[in-house]
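One structure below.
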Amino acid sequence: MPPPTTAGTLPNRALHARLLRSGALDADPSAAAPLAASAANSSLPYALSLLRAHPSTFSYNTAIRSLAHGPRPHLAVALYRSMLLGPLSNPNNYTYPPLLAACARLLPASSPTPAAAPGTAVHASLFRRGLDSRDRFIGASLLSFYAAAGDLPAARQVFDASPPGQRDLPLWNSLLHAHLSQGFYAHVLRLSRQMPAADEVTLLALVSACSHLGALDTGRWAHASYARTRRSTTRNLGTALLNMYMRCGDVESAWSVFRETLDKDVRTWSVMIAGLATNGLPRDALALFAEMKNTGVDPDSITMTAVLSACAHAGMVDEGKKFLDCMPVEYRVQPTIEHYGCVVDLLGRAGQLDEALALIKTVPFKADVVLWGALLVACRVHKNVDMGEMAAMEILKLDPQHAGACVFLSNVYADAGKWDLVQGVRSSMKEHKIYKPPGSSIVELNGVVYEFLSGDRSHPQSDRIYAMLDEICKTLSLKGHKPSTKEVTFDVDEEDKEVCISQHSEKLALALGLISTTRGDVIRIVKNLRICEDCHSVMKIVSEVYDRVIVVRDRNRFHHFKNGSCSCLDYW
DNA sequence: TTAGGGTTAG
């Protein structure tokens, strides 16, 4: 019998004694399983001695499972090792799914591959036993583990190695999620088309991929196909759908999903509030926040970020500051550095740069790149060169690779004609291999996604697109628009600079959009970088002259161009 | 014999 234990909470000794007295443990050692499982997390030495006295594969598996979902998952791996030592407890196909889940939980949240060692060792171990492709549960667990480790090729390999008969819906969904979590959104769309069936989990991944891509038509199609088969929208799918509509700039559809989603939780509300704030409807966002409080849902940290961002977008400086001050008491949400970032943005937009700087200096955290970055944007918009230079320097101290700060400095120096300093920034960027990713824009027309780079001529209708651009230019000059080439010096890449500003990717996307739509239509463009000043003013004029609503999602926010003005109120 | 895999939104 196992020695008495001294550590941890007390195991169920009464049960243990009963099992021993009745001889149940001798007749069937797996009778120890419930006891081993419950003891594993409270007193592992006790569980271990119990398992050693009455070894069975079943009991070990049960205890490993219990540890895998407990507070110290690494102990599941330890128990597995001791399981391998006993002759009467050989692992079987039930051993590995919980064990691999434990390995996935051991991975640090942020860093990918390196910490994958225990999981790959487990993979090797089950490979040696010939168990790796026999069982669909093991396959799915392995795939999920590699996905969690950020090793997409390995995840893919597990899928490819699994016999087609084992590729059931959960395995496919694991594969989708693996691509989603690594940012391969177009692959998610492609894979989902190859799937023999789809369920809610599939649609969640698909809709989420559409949000990232801004692929509204595909997202709508997914929504419609779901609506055909189900009665009501579940909370999770509803939240994912309205996030998708918001991130595609379709506020109306987001509202209708929001209304029909029953049983809304804090995430549902937060997504809606944040979406309204970033889509140029900050006052609606704040009104919705008030409604949320009335329904008794408590805001969390994310909700407060959305609320503060709404204040910033609405220029409601005093309200924003008040929310920041009262949130720990009134909403029991402790302000984080993100919240301070929103308020720096709020002050910066309002032109209160000194106060924004003062706030950065008093935040109870070490100021980060985001905080200084918010100030940098404000300095750029309000043309405060000295403070902007200081902010850029602070950013480069924290992140010497920060392209935005380099570009800002180079631009400031170029404006001032300090070419030696410009050269200095440029060569330092070259030395550190800092580059601005090439600008690209996506426009989705009739369900087909087109991508443009700057100066792109790869589109089959390229001639018509450039003819349209010419026409736009003529219209603009009639309207008195002068191209703002100021930001050309922002371009880091020499080649980029030579590409005329009139061929920026978002302008090409716009031209194709104009050719393919008629008056009153909506043109939706997704840009990977921040929209440049010239493109921004061109979009405004085009929205009026050609009578289109143009929705541009850039790196940070939405621009809804309509009747000659933009929802961002020219601050971005 | 008993038990095991996928889940999304800010």
Side-chain angles (χ1 to χ4, degrees), chain A residues 28-34 36-37 56-66 68-69 91-102 104 131 134-145 147-148 155 158-159 162 166-181 188 195 197-212 219 222 226 233-247 254 257-258 261 264-278 285 299-310 338 342:
Chain A
D28 176 15
S30 64
S56 77
T57 297
F58 179 68
S59 301
Y60 268 99
N61 287 351
T62 311
I64 286 173
R65 194 174 87 87
S66 159
H69 301 118
N92 64 6
N93 51 332
Y94 286 93
T95 313
Y96 292 97
L99 189 57
L100 287 162
L131 287 167
R134 298 276 176 77
D135 185 296
R136 63 202 174 103
F137 292 95
I138 292 178
S141 308
L142 260 181
L143 205 167
S144 309
F145 166 75
V158 171
F159 183 87
S162 69
Q166 280 180 21
R167 294 180 193 167
D168 59 5
L169 206 44
L171 190 70
W172 273 101
N173 286 337
S174 303
L175 187 68
L176 280 195
H177 176 245
H179 284 80
L180 187 68
S181 64
V188 174
M195 291 177 61
D199 64 1
E200 191 180 326
V201 177
T202 317
L203 280 168
L204 282 167
L206 181 54
V207 165
S208 168
C210 290
S211 321
H212 289 279
Y226 178 82
T233 311
T234 61
R235 175 168 65 198
N236 287 345
L237 187 63
T239 308
L241 278 170
L242 76 89
N243 180 56
M244 184 273 291
Y245 282 123
M246 280 300 193
R247 295 198 38 154
V257 173
F258 183 74
T261 300
K264 303 172 182 61
D265 69 355
V266 63
R267 290 175 171 211
T268 319
W269 287 94
S270 300
V271 169
M272 196 64 197
I273 293 169
L276 290 168
T278 52
D300 68 4
S301 173
I302 305 289
T303 323
M304 295 316 296
T305 304
V307 167
L308 290 171
S309 131
E338 278 81 30
C342 288

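Given the structure is predicted, the values throughout are model-derived calculations rather than measurements. Protein chains get the first letters and strands the later ones, always in sequence-line order, with residue 1 at the start of each.
In this structure, A/Ser144 reaches the sugar-phosphate backbone alone: every heavy-atom distance under 4.0 Å involves primed, P, OP1 or OP2 atoms, never a base. Counting non-hydrogen atoms under 4.0 angstrom, A/Arg167 reaches nothing in the nucleic acid. Among the atoms of the strands shown, none is found under 4.0 Å from any heavy atom of A/Ser211. At a threshold of 4.0 angstrom between heavy atoms, the contacts of A/Ala240 are confined to the sugar-phosphate backbone, with no base atom among them. Within the nucleic acid shown, A/Arg136 comes within 4.0 Å of at least one base atom, counting heavy atoms only. Using a 4.0 Å heavy-atom cutoff across all strands shown, A/Asp265 reaches no nucleic acid atom at all.
Between A/Leu241 atom CG and B/dG10 atom C1' the separation is 15 Å, expressed in whole Å. Residue A/Leu276 contributes atom CG, which lies 13 Å from atom C1' of B/dG10 at whole-angstrom precision. The separation between A/Asn173 atom CG and B/dG5 atom P is 15 Å, rounded to whole Å. Rounding to whole angstrom units, CG of residue A/Leu142 and P of B/dG6 are separated by 12 Å. Between A/Ile138 atom CD1 and B/dG4 atom P there is a gap of 14 Å when expressed in whole angstrom units. The distance from atom CG of A/Asn236 to atom P of B/dT7 is 13 Å, rounded to the nearest whole Å. Straight-line distance from the OH atom of A/Tyr60 to the C1' atom of B/dT2: 18 Å, rounded to whole Å. For the pair A/Lys264 NZ and B/dT8 P, the interatomic distance rounds to 22 Å; values are reported in whole Å.
Interatomic distance, A/Tyr226 OH to A/Thr202 OG1, rounded to the nearest 0.5 Å: 11.5 Å. Between atom OG1 of residue A/Thr261 and atom CG of residue A/Leu237 there is a gap of 8.0 Å, rounded to the nearest 0.5 Å. Note that the CZ atom of A/Phe159 and the CG atom of A/Leu176 stand 9.0 Å from one another [nearest 0.5 Å].
Comparing B/dG10, B/dG5, B/dG4 by their nearest atom to the side chain of A/Ser141 picks out B/dG5. Checked against B/dG6, B/dG4, B/dG10, the side chain of A/His177 finds its nearest nucleotide in B/dG6. Of the candidates B/dA3, B/dT1, B/dG6, B/dG6 carries the atom nearest the A/Pro170 side chain, counting heavy atoms from C-beta on. Residue A/Arg65 places its side chain closer to B/dA3 than to any other of B/dA3, B/dT1, B/dG10. When distances run from any side-chain atom of A/Tyr94 to the nucleotides B/dA3, B/dT8, B/dT1, the shortest one goes to B/dA3. In the set B/dG5, B/dG10, B/dT7, B/dG10 carries the atom at the smallest distance from any side-chain atom of A/Thr303. Across B/dT7, B/dG10, B/dG5, the shortest atom-to-atom separation from the side chain of A/Ile302 is found for B/dG10.
For B/dG6, the base has no donor-acceptor partner in the side chain of A/Ser174 [N/O atoms by modelled type, under 3.5 angstrom]. Judged by atom type and distance alone, A/Asp168 reaches the base of B/dG5 through a side-chain donor-acceptor pair under 3.5 Å. Side-chain atoms of A/Asp135 and base atoms of B/dG4 include a donor and an acceptor less than 3.5 Å apart.
Remark: A/Arg167 engages no residue in a salt bridge (charged side-chain N to carboxylate O under 4.0 Å, His left out) (not counting sequence neighbours). Checked against salt bridge (charged side-chain N to carboxylate O under 4.0 Å, His left out), A/Asp28 has no partners two or more places apart in sequence or in another chain.
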*asked:* Using side chain to side chain donor-acceptor pair (under 3.5 Å), reason through A/Thr303 and A/Asp300 one step at a time and then give a plain yes or no.
replied: CA-CA 5 Å; A/Thr303 323; A/Asp300 68 4; 2.8 Å; yes
